[in-house]
Amino acid sequence: IDEFDTDDTIYLVLVEDGTLLLEFRVERSGITLTRIWNKRIRFEHLAEPSPLFEFSADAPDGSRLTFQSNRGVALSPAEKLAGARTLNVAGRATSFPLEFSLKIKLSEEEGVALASLRITNRGTTRLIVSAIAPRITGLVTVRHQRPMMAVIPQEIGTVVPLTKLAPSIG
């Protein structure tokens, strides 16, 4: 995506390999994960569109403002690399001097997606920022063959059971 034609231009961007197809809704006002399709077993793993990350910062008046990848941000044009296996998105918070970059990459191992988020304070004052990345809601598993868990190995980390109850990560 070289540029957004207008403020309301929407792009559907696919990142895929032999096993996974990830679909993103990319617009000037943010990015939303809209599909996690397992090609091998022909199964949709996302019950509903989901933000990819969330961050919050303290406002000058002492309140805490929260932003998600699809709310409270403005994106620069997205870039798809390496034969549609990598998506890079950059943007900024609309109410704070915070910039971010998000990289979604399908691993060389089939069926693995890696996400990395970088947040930079471009202001002149110190900000306390907290982030949840990835923050994906509505995950759906195929069957209960054996207990499965998802692990997010950042900071303290999160471990959640993957059941048919459409759990959230983040």
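Count residues from 1 along the sequence.
Looking only at distances, a side-chain donor or acceptor of Thr94 sits under 3.5 Å from a matching main-chain atom of Gly72. Side-chain atoms of Arg92 do not come within 3.5 Å of backbone N or O of Val73 as any donor-acceptor pair. A distance-only check finds a donor-acceptor pair linking the side chain of Asn121 to the backbone of Thr125 [under 3.5 Å]. Side-chain atoms of Lys105 do not come within 3.5 Å of backbone N or O of Ser116 as any donor-acceptor pair. In this structure, the side chain of Ser69 engages the main chain of Ile31 through a donor-acceptor pair within 3.5 Å.
Other members of the cluster containing Ile128 do not exist, because no ILVMFWY side chain is joined to it at under 4.5 Å.
Under the side-chain hydrogen bond (donor to acceptor under 3.5 Å, both in side chains) criterion, Asn38 pairs with no residue at all, not counting sequence neighbours. The salt bridge (Lys or Arg N to Asp or Glu O under 4.0 Å) search around Arg25 returns Glu27, not counting sequence neighbours. Residues passing the salt bridge (Lys or Arg N to Asp or Glu O under 4.0 Å) test with Arg126, sequence neighbours excluded: none.
Residues Val15 and Thr86 form no side-chain contact, since every pair of their non-hydrogen atoms from C-beta on lies 4.5 Å or further apart. The shortest side-chain heavy-atom distance between Leu106 and Val112 does not fall under the 4.5 Å cut-off. In this structure, Thr19 and Lys39 have side chains that are not in contact, with every pair of non-hydrogen atoms separated by 4.5 Å or more. Side-chain contact between Glu16 and Trp37 is absent, with no heavy atoms from C-beta onward closer than 4.5 Å. The side-chain heavy atoms of Val89 and Leu75, taken from C-beta on, include a pair separated by under 4.5 Å.
Residue Ile132 holds its CD1 atom at 11.5 Å from CG of Leu117, rounded to the nearest 0.5 Å. In this structure, CZ in Phe24 is found 9.5 Å from CG in Leu14, a value given to the nearest 0.5 Å.
Both Phe67 and Leu127 belong to a common hydrophobic cluster when Ile, Leu, Val, Met, Phe, Trp and Tyr are linked at side-chain heavy-atom distances under 4.5 angstrom.
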Side chains of residues 97-104: which donor-acceptor pairs under 3.5 Å do they make with residues two or more places apart or in other chains?
residue, atom, partner, partner atom, Å
Glu99, OE1, Arg122, NE, 2.9

Review item, side-chain donor-acceptor pairs of residues 43-55, under 3.5 Å, at least two apart:
residue, atom, partner, partner atom, Å
Glu44, OE1, Arg35, NE, 3.1
Glu44, OE2, Ile36, N, 2.9
Glu44, OE2, Leu46, N, 3.1
His45, ND1, Val140, O, 2.8
Glu48, OE2, Thr137, OG1, 3.4
Ser50, OG, Thr137, N, 2.8
Ser50, OG, Thr137, OG1, 3.3
Glu54, OE1, Gln68, NE2, 2.9
Glu54, OE1, Arg135, NE, 2.8

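Residues Ala57 and Val129 come closest through the heavy atom pair CB-CG2, 4.1 Å.
Side-chain contact, Ser130 with Arg64: a donor N or O sits under 3.5 Å from an acceptor N or O.
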